[in-house]
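Proteins get letters first, then strands, A, B, ... in listed order; numbering begins at 1 in each. As the structure is a prediction and not an experimental result, all values here were calculated from the model.
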2 protein chains.
Amino acid sequence: MTDDAEHIIHADVREIVGVDRLLHEPSRLVICAVLYVVKRADFLYLQRQTGLTAGNLSAHLQKLEKNDYIKIEKTFDGKTPRTTCELVDTGRTAFDAYRENIKRLAIQLPN
Amino acid sequence: MTDDAEHIIHADVREIVGVDRLLHEPSRLVICAVLYVVKRADFLYLQRQTGLTAGNLSAHLQKLEKNDYIKIEKTFDGKTPRTTCELVDTGRTAFDAYRENIKRLAIQLPN
DNA sequence: ATAAACCAGTTTGTAGTGTAAACCAGTCTA
DNA sequence: TAGACTGGTTTACACTACAAACTGGTTTAT
C-alpha cells in the first residue's frame with residue numbers, strides 16, 4: 001500500500017483521534033444526550049434514562065461538573081434531598097461539536 | 001423533570017452505552033477507518049496516516065487482531081521485515097454497525 | 001421506642017486501558 | 001567494526017470506568 005491512496009482518507013478521519021474524551025465516554029454521552037433534550041433532570045430520572053448504577057452516575061456527573069459541562073444543584077424536596085442537573089453552555093457547545101465530528105466520520109467514508 | 005419527557009429520548013440514544021468499545025477507542029477507530037478504505041496497509045503507512053506512535057499502533061493492532069477484526073501478515077520485503085494489515089469480514093461488519101449507531105445518535109437528536 | 005427497610009446519593013477498591021518510553025533483533029553506512 | 005537506522009515489541013505507569021460497600025437521613029413496621 002502506497003500513499004497513492006492517501007487522497008481517499010479525509011483529514012477529518014484522522015482528526016477523530018483528538019475527539020473530546022469527556023463526551024466520547026458512552027455513559028457521559030448518554031447523560032449529556034438526555035440533558036440536551038430535557039434541559040433539567042434530577043438524579044433518579046437520569047438514572048432511569050441512562051440505566052447507569054447510582055455510583056457510576058454520580059461519578060460521571062461530578063466529572064462533567066468539574067469540566068463545566070453541567071451544573072449540579074442540590075436542594076431539598078420536603079425532607080428528601082434532590083440533585084438536579086442542567087447542561088450549561090460549555091457543555092451544549094461541546095456536545096454540538098462532538099455530534100458534528102462523529103457525523104462527518106459516519107457519513108464521509110465510502111461504502 | 002418528570003417522565004413526561006421520556007418520549008423525546010429515543011431508545012437508540014440509551015443504547016449507545018453498549019457501543020462496541022473495541023471500535024469506540026479513537027486510535028482504533030482511525031486505524032479501522034483507514035483499513036476500511038484501503039483494504040491492505042503496512043505498518044508504516046498506518047503510522048503515517050493515523051499519527052500514532054509505533055508502540056501504540058503495535059498494541060492496538062494486536063488488540064484488533066486478537067478480536068479477529070483484522071489480519072496481520074508478517075513477511076520480508078528483501079531483508080526488511082514488513083507487517084501488513086487487512087480488515088477482515090468481522091471487522092468490516094463491526095465497523096459498519098458502529099457507523100450506523102453513531103450516525104443515528106448524531107442525526108436523531110433535535111437541535 | 002426501636003429495629004428494619006428504604007432513599008438518595010458518595011466513596012472506595014479493583015481491574016482494564018491507552019500511552020510513551022525503553023528496548024530488541026537485525027541491517028546499512030562510514 | 002562502531003554507530004546509526006529500521007521496523008517494530010515490551011514494559012511501566014497513569015488514568016478510567018465500574019460495582020460494591022458505605023453514609024446520613026427518613027419512613028415503616030412491631
Side-chain angles (χ1 to χ4, degrees), chain A residues 1-3 14-32 34-35 40-67 69-86, chain B residues 1-3 14 16-35 40-67 69-86:
Chain A
M1 180 57 53
T2 71
D3 287 347
R14 232 165 298 157
E15 272 162 24
I16 73 123
V17 289
V19 74
D20 182 347
R21 293 281 188 158
L22 197 63
L23 286 177
H24 196 58
E25 172 58 33
S27 301
R28 287 191 292 266
L29 196 50
V30 178
I31 293 170
C32 289
V34 172
L35 290 176
R40 288 173 65 80
D42 62 40
F43 193 94
L44 289 181
Y45 176 81
L46 280 175
Q47 202 185 340
R48 281 196 305 279
Q49 290 294 334
T50 60
L52 296 170
T53 63
N56 251 333
L57 178 56
S58 176
H60 286 304
L61 288 178
Q62 284 181 44
K63 205 159 285 191
L64 287 168
E65 188 191 31
K66 193 152 50 191
N67 286 268
Y69 278 26
I70 67 170
K71 193 175 47 156
I72 301 182
E73 264 179 36
K74 291 190 173 299
T75 58
F76 278 89
D77 187 10
K79 294 180 175 174
T80 75
R82 181 172 304 287
T83 299
T84 311
C85 306
E86 190 176 343
Chain B
M1 179 56 54
T2 71
D3 286 348
R14 234 164 296 156
I16 72 123
V17 289
V19 73
D20 182 345
R21 293 280 186 157
L22 198 63
L23 285 178
H24 196 58
E25 172 58 34
S27 300
R28 286 191 293 266
L29 196 49
V30 178
I31 294 170
C32 289
V34 172
L35 289 176
R40 289 171 66 81
D42 61 42
F43 194 93
L44 291 181
Y45 176 81
L46 280 176
Q47 201 184 342
R48 281 195 305 278
Q49 292 294 334
T50 60
L52 295 170
T53 63
N56 252 334
L57 179 55
S58 175
H60 286 305
L61 288 178
Q62 284 180 43
K63 206 158 285 191
L64 287 168
E65 187 191 30
K66 193 152 51 192
N67 287 269
Y69 278 27
I70 67 169
K71 193 175 46 154
I72 300 181
E73 264 180 36
K74 293 193 171 296
T75 57
F76 278 89
D77 185 11
K79 292 180 173 173
T80 76
R82 180 173 305 286
T83 299
T84 311
C85 306
E86 190 176 343

Do the side chains of B:Q47 and B:Q49 get nearer than 4.5 Å, heavy atoms only? no

Between OH of B:Y45 and P of D:dG7 the distance, given in whole Å, is 16 Å

Scanning both residues in full, the closest heavy-atom pair of B:C85 with B:L46 reads SG-CD1, 3.9 Å

When rounded to whole Å, the NZ to P distance for the pair B:K66 and D:dT9 reads 13 Å

Between P on D:dC18 and CD on A:Q62, what's the gap in Å once rounded to a whole number? 15 Å

Give the rounded distance in Å between these two atoms: CD1 of A:I31 and P of C:dG9. 13 Å

Assign a letter to each nucleotide of nucleotides 17-30 of chain C from its 5' end: B, base within under 4.0 Å of a protein heavy atom; S, sugar-phosphate only; -, no contact. -SBSB-----SS--

What integer distance in Å separates A:L61:CG from C:dA8:C1'? 13 Å

Do A:H60 and A:E25 make a side-chain contact, defined as non-hydrogen atoms from C-beta onward lying under 4.5 Å apart? yes

So what does B:L44 hit on the nucleic acid, given a heavy-atom distance under 4.0 Å: a base, only sugar-phosphate, or nothing? sugar-phosphate

Spacing of A:L46 atom CG relative to C:dT10 atom C1', expressed in whole Å: 16 Å

Out of B:L64, B:L61, B:L35, B:I31, which residue meets the side chain to side chain contact (heavy atoms under 4.5 Å, CB included) rule with B:Y69? B:L64

In whole angstroms, the gap separating C1' of D:dG8 from CD of B:E73 amounts to 17 Å

Distance in angstrom units between A:K74 NZ and C:dA8 P, rounded: 12 Å

If every non-hydrogen atom of A:N56 is compared with every non-hydrogen atom of A:L52, which pair is closest and at what distance? CB-CB, 4.4 Å

Result for side chain to side chain contact (heavy atoms under 4.5 Å, CB included) between B:F43 and one of B:T83, B:T84, B:I72 points to B:T83

